[in-house]
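Basis for what follows: all heavy atoms, side chains included, without hydrogens, waters or symmetry-related copies.
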Amino acid sequence: MSKLRKRIIAGNWKMNKSVAESKDLAADIKRELADCREVDVVLCPPFTSLSVVADAVDNTQVKFGAQNMHWESDGAYTGEISANMLRSIYCHYVILGHSERRSYFGETDEIVNKKTKAALAGNLIPIVCIGETLEERSAQRHKEVVKTQLEGSLAGIDADEMKRVVLAYEPVWAIGTGEVATPEQAQEIHAFIRSVIAELANAEVAAGIRIQYGGSMKAANAAELLAQPDIDGGLIGGAALDARSFVELVRVAQSE
Ligand code: PEP
């Protein structure tokens with residue numbers, strides 16, 4: 001395991017789980033991982049379940065995060081929620097620019113950039129998602145696409161602030177499809193992402209920034225992905241919806 005970077009496994013529950021189901025899932029995960037110090041464990045339920053998850057993991061090593069937020073602090077933005085609101089329930093993390101937000105809700109790099117700055121200013125840790133579509137990969141454009149997303153999403157963020165960002169490389173073709181990037185494919189692009197961060201900030205930030213892999217990651221394929229030198233954890237969709245599969249995955253990240 002990299003001594004420099006602590007692994008981070010985050011569960012993105014997406015639009016799943018009622019409040020009661022969330023409470024049970026968080027309680028089951030907490031039972032197993034309350035004292036987990038080797039890996040940062042983050043649960044990202046829907047907004048309606050943030051409070052029950054907050055209560056369930058209170059005073060443990062398990063943290064929680066939101067799946068989205070608005071860049072303004074308050075005001076007439078019907079249906080939105082701000083960094084201040086998230087901090088008011090002691091939320092630590094927020095996922096930003098997930099490919100589903102980009103493709104279904106029109107989030108551009110510019111929007112992700114505003115949200116990332118607002119999250120940092122609001123003392124939240126943004127998990128900024130990037131990744132190419134199948135079409136872009138087939139056209140060998142994946143590096144160019146990821147570089148543009150990084151430049152746009154992180155524009156104007158200085159090196160000190162960038163240290164607090166977590167990146168999630170999620171090839172869109174691997175999300176929820178059961179198709180996983182090979183460890184070699186993932187490592188190649190993670191190393192590339194780190195080189196882009198060195199250009200945008202500096203070598204120290206690039207060496208320290210954590211880059212998660214996301215896309216059909218589960219306990220059975222996690223070891224070989226996490227064994228890659230530039231993969232520092234995972235952003236987990238499907239396998240995060242069941243306590244046993246999520247805990248097993250975290251156990252893989254803890255071992256080695
Ligand atoms: C995700 O949506 O962030 C994700 C990685 O989903 P899955 O693990 O289901 O592919």
Side-chain angles (χ1 to χ4, degrees), residues 1-13 36-45 61-69 83 86-87 90-102 107 109 112-131 146 149-155 157-171 175 186-187 189-198 200-202 204-215 217 222 225-226 228-237 240 246 249-250 253:
M1 195 182 310
S2 165
K3 290 195 176 68
L4 188 60
R5 301 183 296 269
K6 187 174 180 186
R7 284 183 178 154
I8 172 166
I9 302 288
N12 174 11
W13 297 3
C36 173
R37 286 169 207 281
E38 304 86 350
V39 176
D40 285 337
V41 177
V42 185
L43 310 182
C44 300
Q61 295 299 314
V62 180
K63 303 289 180 256
F64 64 97
Q67 298 172 19
N68 181 31
M69 57 165 249
L86 294 174
R87 281 305 298 170
Y90 306 102
C91 186
H92 277 83
Y93 291 85
V94 60
I95 299 171
L96 296 175
H98 189 279
S99 66
E100 287 150 17
R101 302 258 4 132
R102 291 177 185 264
E107 286 199 9
D109 291 332
V112 177
N113 182 237
K114 287 200 231 178
K115 292 183 174 189
T116 305
K117 286 175 173 164
L120 290 167
N123 216 13
L124 288 163
I125 299 175
I127 298 179
V128 177
C129 304
I130 48 175
V146 160
Q149 289 175 336
L150 284 169
E151 287 169 346
S153 306
L154 302 177
I157 296 172
D158 68 26
D160 251 10
E161 289 283 272
M162 216 182 289
K163 279 184 189 158
R164 295 175 42 225
V165 172
V166 174
L167 297 171
Y169 167 66
E170 301 206 301
I175 297 178
Q187 168 55 27
I189 197 121
H190 278 237
F192 174 72
I193 290 167
R194 217 174 280 292
S195 74
V196 175
I197 297 299
L200 293 178
N202 57 48
E204 188 201 338
V205 176
I209 201 164
R210 295 185 292 178
I211 311 173
Q212 298 174 305
Y213 168 81
M217 195 176 189
L225 286 161
L226 293 171
Q228 302 303 312
D230 288 296
I231 300 182
D232 307 313
L235 181 55
I236 317 301
F246 186 71
L249 204 161
V250 174

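Put simply, CD on Gln187 and CD1 on Ile211 are 9.0 Å apart, with the number rounded to the nearest 0.5 Å. In this structure, NE2 on His92 lies 12.5 Å from CG on Leu86, to the nearest 0.5 angstrom. Remark: Arg194 CZ to Leu150 CG distance equals 11.5 Å, nearest 0.5 Å. Rounding to the nearest 0.5 Å gives a distance of 11.0 Å between CD of Glu161 and OG1 of Thr116. Annotation: the span from Cys44 atom SG to Ile236 atom CD1 amounts to 11.0 Å, rounded to 0.5 Å. Taking CZ from Arg37 and NZ from Lys6, the interatomic distance works out to 8.5 Å, rounded to the nearest 0.5 Å.
Of the possible donor and acceptor atoms, one in the side chain of Gln149 sits under 3.5 Å from a partner among the backbone N and O of Gly131. Remark: side-chain polar atoms of Gln67 are not paired, donor with acceptor, to backbone N or O of Asn12 under 3.5 angstrom. Put simply, the side chain of Tyr93 never gets that close to the backbone of Ile95: no donor and acceptor are under 3.5 Å apart. Arg5 contributes no side-chain N or O that, together with a main-chain N or O of Ile231, makes up a donor-acceptor pair within less than 3.5 Å. For Glu170 (side chain) and Ile175 (main-chain N/O), no donor-acceptor pair under 3.5 Å exists by modelled atom type.
Across every non-hydrogen atom of Gly214 and Pro171, the tightest pair is O-CD, 3.3 Å. Contact between Ile209 and Val165 at its shortest, heavy atoms only, is CG1-O, 3.3 Å. The minimum heavy-atom distance linking Ala118 with Met69 is given by the pair CB-CE, 3.6 Å. Here the closest heavy-atom approach between residue Ala155 and residue Asn113 is recorded as O-ND2, 2.9 Å. A pairwise comparison of heavy atoms in Val205 and Ala159 identifies CG2-O, 3.5 Å as the closest pair. Annotation for Val41 and Phe246: closest pair CG1-CE2, 3.7 Å, computed over non-hydrogen atoms.
Residues Arg7 and Glu38 are not in side-chain contact: their nearest non-hydrogen atoms beyond the backbone lie 4.5 Å or more apart. Arg164 is listed as a side-chain neighbour of Asn123, based on a closest heavy-atom distance under 4.5 Å. With contacts defined as side-chain heavy-atom distances shorter than 4.5 Å, the pair His98/Ile127 does not qualify. When side chains are defined from C-beta on, Leu120 counts as touching Pro126, because their heavy atoms get closer than 4.5 Å. Leu167 is listed as a side-chain neighbour of Ile197, based on a closest heavy-atom distance under 4.5 Å. Proximity of Lys163 to Asp160: side-chain heavy atoms (C-beta onward) are separated by under 4.5 Å at one or more points. Using a 4.5 Å heavy-atom cutoff, the side chains of Lys115 and Leu124 are not in contact. The shortest side-chain heavy-atom distance between Lys117 and Ile157 falls under the 4.5 Å cut-off.
Partner of Ile9 under the side-chain contact (heavy atoms from CB on, under 4.5 Å) criterion, chosen from Val39, Leu235, Val42: Val39. Of the residues Asp40, Asp230, Asp232, the one that meets the salt bridge (Lys or Arg N to Asp or Glu O under 4.0 Å) test with Arg210 is Asp40.
Classified by interplanar angle (parallel below 30°, tilted 30° to 60°, perpendicular above 60°), the ring pair Tyr169/His190 is perpendicular.
Salt-bridge annotation for Arg102 and Asp109: present, with a side-chain N of the basic residue lying under 4.0 Å from a carboxylate O of the acidic one.
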